[in-house]
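Okay, so here's the structure we're looking at.
Read the numbers this way: they start at 1 and go in the same order the structure lists the ligands and their atoms. In this chain, residues are counted from 1 in sequence order.
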Amino acid sequence: MRIPILAYHAVNIAGNDYANNDHVAFAADLRQIHAAGLRIVPLHWVVDELLGTAHRDLRRCVALTCDDGSDFDYYDLDHPQHGPQRSLHNCLTDFAYEFGVAAQPDLHLTCFVIASGEARVHIDRTCLIGRNWMTDRWWRAALDSGRIAIENHSWDHNHTAIPLPGIDGMERGSFHGVTNRVRADAEIAAASDAIDAVLAPARTSLFCYPYGHSTAYLREEYFPNFAGTHRMRAALGDGAQPVTKHSERWNLPRYVCGWHWKSPQELRAILDETPLADAG
Ligand SMILES: [Zn+2]
């Protein structure tokens with residue numbers, strides 16, 4: 001197993017080119033991944049393989065994720081500066097229409113969303129366009145499409161856009177402060193509860209660290225010891241390595257669009273690390 005996990009941010013819209021628009025990059029990358037002969041599979045399949053809870057042939061595979069969970073993930077929206085944007089979900093639909101469903105039968109995207117509606121309102125006003133484009137109204141439809149999983153990106157991202165004190169006195173703008181049970185339960189277990197309440201009977205089972213910040217407390221104590229509370233099966237970071245059997249379950253690496261690659265050529269180099277035949 002040697003699987004690159006790619007991460008996108010649908011709110012990254014600073015133009016309409018590959019380098020400054022994650023929707024444009026995502027649509028192009030689907031085609032490049034397919035042309036390279038790789039299969040796109042759900043992230044939870046990768047976790048199943050890692051944990052030994054299921055075995056599938058995952059040679060030459062890639063998994064796709066996106067963070068922060070805005071309406072841009074699911075709905076086509078008209079950006080006030082940069083015009084109509086095809087949602088990531090509809091980029092998947094376009095690909096399936098153009099190439100046929102059988103071309104990538106397991107085509108899938110995992111969206112990590114912020115649980116707190118209040119936090120999302122503040123982030124929408126401060127960091128997006130202030131049009132209430134950070135809602136949970138699309139989560140159920142996205143899940144029902146069968147091509148999207150909705151997973152846990154914390155309660156409030158401990159985001160600086162929120163004009164309220166951080167949980168348990170945490171300084172905002174970082175996840176490095178999540179170093180005790182109170183903070184971990186509030187940021188992770190409470191987020192599982194809130195997202196699951198929207199998705200029931202489906203449930204979240206994967207966590208993605210805000211800012212990519214993991215802490216030793218979370219990796220070594222909270223996630224391994226309190227599974228009954230947080231119900232997570234793995235956590236994702238930004239380590240820029242393919243996931244292998246030796247990857248750290250509570251900080252699985254991902255490659256981030258616009259950071260670890262900025263062009264199709266740079267993505268190619270990441271995909272080329274995936275060996276043609278790796279039975280390991
Ligand atoms: Zn984030």
Pi-cation contact, W250 with R219 (under 6.0 Å, within 45°):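 Checked: cation-pi criterion not met.
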
Cation-aromatic face contact R249/F223, 6.0 Å, 45 degrees: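 Cation-pi check for R249 and F223: fails.
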
Check ion pair R254-D67 (N to O, under 4.0 angstrom):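 Looking at D67 together with R254, the answer is yes, because their closest N to O distance falls below 4.0 Å.
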
Basic-acidic side-chain contact under 4.0 Å: D71, R137: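 A salt bridge is present here (some side-chain N lies under 4.0 Å from a carboxylate O).
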
Can you tell me if an N/O/S atom from [X] lies under 2.8 Å from the Zn ion (ligand 1)?
{"X": "C208", "result": "no"}
{"X": "H9", "result": "no"}
{"X": "D67", "result": "no"}

Minimum-distance atom from the Zn ion (ligand 1) among N, O or S atoms of D68: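 Of all N, O or S atoms in D68, the Zn ion (ligand 1) lies closest to OD1.
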
Angle subtended at the Zn ion (ligand 1) by NE2 of H157 and NE2 of H153, nearest 10°: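 The NE2/NE2 angle about the Zn ion (ligand 1) sits at 90°.
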
is_close_aromatic(F26, Y8), centroid dist under 6.0 Å: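 Yes, the ring of F26 comes within the 6.0 Å limit of the ring of Y8, centre to centre.
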
